[in-house]
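Some notes on the structure that comes next.
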Amino acid sequence: MDNDYIKTLSNEEKIIFLKIFCCLIRADDKIDAEEITFLKKIALRYGVDNNTVIGIIKTPKIDYVEEARKITSRPHALQLVKEMCVMANIDNDLADSELDVVIDCARAMGVEDEKIVLINRWVLDSLILTKTGHLIMEENNG
Amino acid sequence: MDKDELKQILREQFEPFEKAVQKKLEYLQSDNVFADMASDYYSNAPVTDSSLEDAFDYFSEAKPIPAYREPQENIDSAEPRNMASISERKQNIAARIAAMRGISMPGDYIDDK
C-alpha cells in the first residue's frame, strides 16, 4: 500500500499514529505475531526509534480518542483510518474492541461512517489480493 | 449511523482469509477470457502478416485509433462505433497475445536474418 503519506506527517503525528496502533493491538487482549511485526515495520517506516516505540507500548493507558482529535489534516486522518483497518483485519480476526477503537478514532477525526465502510472494504480487498498473489507466486509468507 | 449498525457492517465485510483467497483463486482461474479467445483463434482462423501488423499498429501510441469500419457481423448498434467487428477484434487481441509471448502464428513466417 502507498507509504508516501508518511513523509508528510509531522513527528508529533507519527507518535500519535503509533500510540493509536498500540491501543489497537492491545484492544482485543491478544497480541498476534503479525500485529507485532506490523507495529515494528510501521515504526521503522516512520523513522521512530525503538526506545520511543517501547515507551509507547509500556504506557499503561492511552486516551486514543484524545490522541486522534489532534490529527486535524483530512488526508492524514484517512490514512490513519486505513492503517487501523489493516491492523484490525490482518490477524484474520475482527474483535468488537478493535472496531470500537477504529470507529471512535475515525469519528473523533471527523471521518464519516460511510467513508470508514469504504476504506475497510478497500483494505480487505487489498489484503485478500496480496495473499492470493503470495499463494500464486508460491511465496512462503503468503 | 448508529455505532452498533456500523460495527455490524464492518463485521459483515470481514471474511476469513482462507475462504476469501480460495474464492479469489477460483475467480482468477475461471475468468480467463483472453486465453479462451486465443485458443479459439489458434484452432480456427488463419492469420496473415498484415493482421499482425495491424495489431501492433493498433496498440502503438504513434498511430491514431483505426477509423470506423462497417461491421461484417449483424451487430445491433444505435450509433456508429469506431471499432472493428467482433471477429477482427478477436484476431487482433489473439495476435497481440501471440506477439507478447513470441509465438509464431499459423500462416506466418519468421525472418531468420
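So you know, we letter chains A, B, ... as the sequences are listed, proteins then strands, and number each from 1. In this text the structure is predicted, and so the values were computed from the model without any measurement.
Heavy atoms of B:Leu10 lying under 4.5 Å from chain A belong to its backbone as well as its side chain. Residue contact with chain A, scored on non-hydrogen atoms closer than 4.5 Å, involves the backbone of B:Asp2 exclusively. No part of B:Lys23 comes within reach of chain A, as not one of its non-hydrogen atoms sits under 4.5 angstrom from that chain. Proximity to chain B (any heavy atom under 4.5 Å) is shown, for A:Ile119, by neither the backbone nor the side chain.
In this structure, B:Glu12 places its CD atom where more than 12 heavy-atom neighbours from other residues, nucleotides or ligands lie under 6.0 Å away.
Judged by distance alone, the side chain of A:Thr59 and the main-chain N or O of A:Gly55 form a donor-acceptor pair under 3.5 Å. A donor-acceptor pair under 3.5 Å links the side-chain atoms of A:Ser126 to the main chain of A:Trp122, judged by distance alone.
When the heavy atoms of residues 94-104 of chain A are compared with those of chain B, the residues falling under 4.5 Å are A:Leu94, A:Asp96, A:Leu99, A:Asp100, A:Ile103, A:Asp104, listed by number. Scanning residues 110-117 of chain A against chain B with a 4.5 Å heavy-atom cutoff picks out A:Asp113, A:Glu114, A:Ile116, A:Val117, ordered by number.
Between A:Lys19 and A:Glu66 there is no salt bridge, since no side-chain N of the basic residue sits under 4.0 Å from a carboxylate O of the acidic one.
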- Message: side-chain contact (heavy atoms from CB on, under 4.5 Å) for A:Lys131 and A:Leu135? Distances and angles first, verdict last.
- Response: CA-CA 6 Å; A:Lys131 287 183 183 289; A:Leu135 203 64; over 6 Å; no

(request) Show your reasoning for whether side-chain contact (heavy atoms from CB on, under 4.5 Å) applies to A:Ile71 and A:Phe17. (result) CA-CA 9 Å; A:Ile71 303 290; A:Phe17 272 47; 3.7 Å; yes

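Considering only heavy-atom pairs separated by less than 4.5 Å from chain A, the leading option among B:Met1, B:Lys24, B:Lys3 is B:Lys3.
Put simply, NZ on A:Lys82 and CG on A:Leu118 are 15.0 Å apart, with the number rounded to the nearest 0.5 Å.
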